[in-house]
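Starting off with a structure, shown below.
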Amino acid sequence: MAKTIIFIGPPGAGKGTQAQRLAEEKGFVHISTGDILREAVQRGTELGKKVKEYIEAGKLVPDELIINIIKEKLKELDGKDIILDGFPRTIAQAEALDKMLKELGRKVDAVILFEIPDELVIERLSGRRIDPKTGKVYHIKYNPPPPGVEVIQRDDDKEEVIRKRLEVYHQQTAPLIEYYRKQNKLHIVDASKSPDEVYKEILNVIE
Ligand code: AP5
């Protein structure tokens, strides 16, 4: 059966970085709800208009909205190995996901929790840069963009918004840790290590 892997962790823990590498090297389809929403904002679609203020304030968008997006996405990915990066983020989203996967004859195979102290998150996110053409993630100190690649900073990577996102994570997303621990699906990786070390830990879980 096709694999369904969930990445959970605070903002800036490295979920997107690791998911991009697994997509490149192992053929997983990387589904990032953050990327989907940001693209909608950039294109100025109806969805984009609805979610812009939530994202800029560091708050979660309404459950119903994001659940509908994932529902459509999952239907297109029959038979493919997927990584869900940034979904689910609330218990209501996790319950909806279980139901959707069941209807598609799939299940959650593993949940990887990226553990990292809050102080490190601030450093990582304030140095994060994105190549808007490819979506590739860089860091001015830990993974600088190659010469000639023009990069931008995300609007929600300002310190006050990062702090709000962390608060939202601890209040609304952290309860998922117990939800998946009870199902024996939770695997913890030390996300403060180097990207290569984190990648190895993840491969140990999913292979
Ligand atoms: P989203 O885009 O999902 O943001 P996030 O969860 O806050 O995660 P980030 O993308 O900030 O961090 P990451 O863990 O992917 O880290 P990265 O690999 O980039 O969500 C944004 C917004 O969308 C939310 O606030 C909300 O409004 C909305 N939203 C999305 N999903 C939703 C949902 N399900 N429900 C409701 N609302 C939703 O790494 C960070 C930096 O560190 C980079 O610069 C990277 O180069 C560097 N780095 C990575 N790994 C390492 C390492 N091991 N060592 C050193 N540096 C590293």
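Start at 1 and go down the list; that is how both ligands and their atoms are numbered. One is the number of the first residue; the rest follow in order along the sequence. Values below: all heavy atoms of this structure, side chains included; hydrogens, waters and symmetry mates excluded. Just so it is clear, the model here is predicted, and its values are computed rather than measured.
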| query | Considering R128, E123, E53, which one's heavy-atom position lies nearest to atom 19 (O) of ligand 1? | reply | R128

| query | Among all protein non-hydrogen atoms, which one is nearest to atom 16 (O) of ligand 1, and what is the separation to 0.1 Å? | reply | G14 N, 3.2 Å

| field | Nearest-contact summary for atom 28 (C) of ligand 1 - protein heavy atom, Å | value | L37 CD1, 3.6 Å

| Distance, nearest 0.5 Å, that separates CG of L113 from CZ of F7 | 11.5 Å

| Protein contact of atom 49 (C) of ligand 1 - nearest heavy atom, named by residue and atom, plus distance | T17 OG1, 3.4 Å

| field | Atom indices of ligand 1, in the order listed, that fall short of 4.0 Å to a heavy atom of G86 | value | 31 (N), 32 (C), 33 (C), 34 (N)

| request: Determine yes or no for a side-chain-to-main-chain donor-acceptor pair under 3.5 angstrom, with K49 supplying the side chain and V41 the backbone. | output: no

| query | When only distance counts, is P195 in polar contact with ligand 1, meaning an N/O pair under 3.5 Å? | reply | yes

| request: Would you mind checking which non-hydrogen protein atom is closest to atom 26 (C) of ligand 1, with the distance to 0.1 Å? | output: K59 O, 3.5 Å

| said: I'd like to know whether Y179 forms a side chain to side chain donor-acceptor pair (under 3.5 Å) with E95, so could you lay out the CA-CA distance, the side-chain angles of the two residues, the decisive distance to 0.1 Å, and finally the verdict. | reply: CA-CA 10 Å; Y179 181 87; E95 288 171 349; 5.1 Å; no

| message | If you measure every N or O of T33 against every N or O of ligand 1, does any of those distances drop under 3.5 Å? | response | yes

| Hey, looking at atom 1 (P) of ligand 1, which of Q20, K15, Q172, R89 has the closest heavy atom? | R89

| message | Give the atom numbers and elements of ligand 1 that come within less than 4.0 Å of a heavy atom of R165. | response | 4 (O), 5 (P), 7 (O), 9 (P), 11 (O)

| request: Answer yes or no: is there an ion pair linking K158 with D156, defined by an N-O contact shorter than 4.0 Å? | output: no

| field | Protein residue, atom and distance nearest to atom 52 (C) of ligand 1, heavy-atom basis | value | R124 NH2, 3.2 Å

| Hey, does G12 come in under 3.5 Å of ligand 1, counting only N/O atoms on both sides? | yes

| If you measure every N/O of D156 against every N/O of ligand 1, is any gap under 3.5 Å? | no

| said: Q93 versus ligand 1: do any nitrogen or oxygen atoms come within less than 3.5 Å of each other? | reply: yes

| Matching residue for D157 among R129, R128, R163 - test: salt bridge (charged side-chain N to carboxylate O under 4.0 Å, His left out) | R128

| task | Test D190 against S192 for side chain to side chain donor-acceptor pair (under 3.5 Å), laying out the working first. | result | CA-CA 6 Å; D190 180 355; S192 60; 2.6 Å; yes

| said: Is it the case that ligand 1 has an N or O less than 3.5 angstrom from some N or O of F87? | reply: no

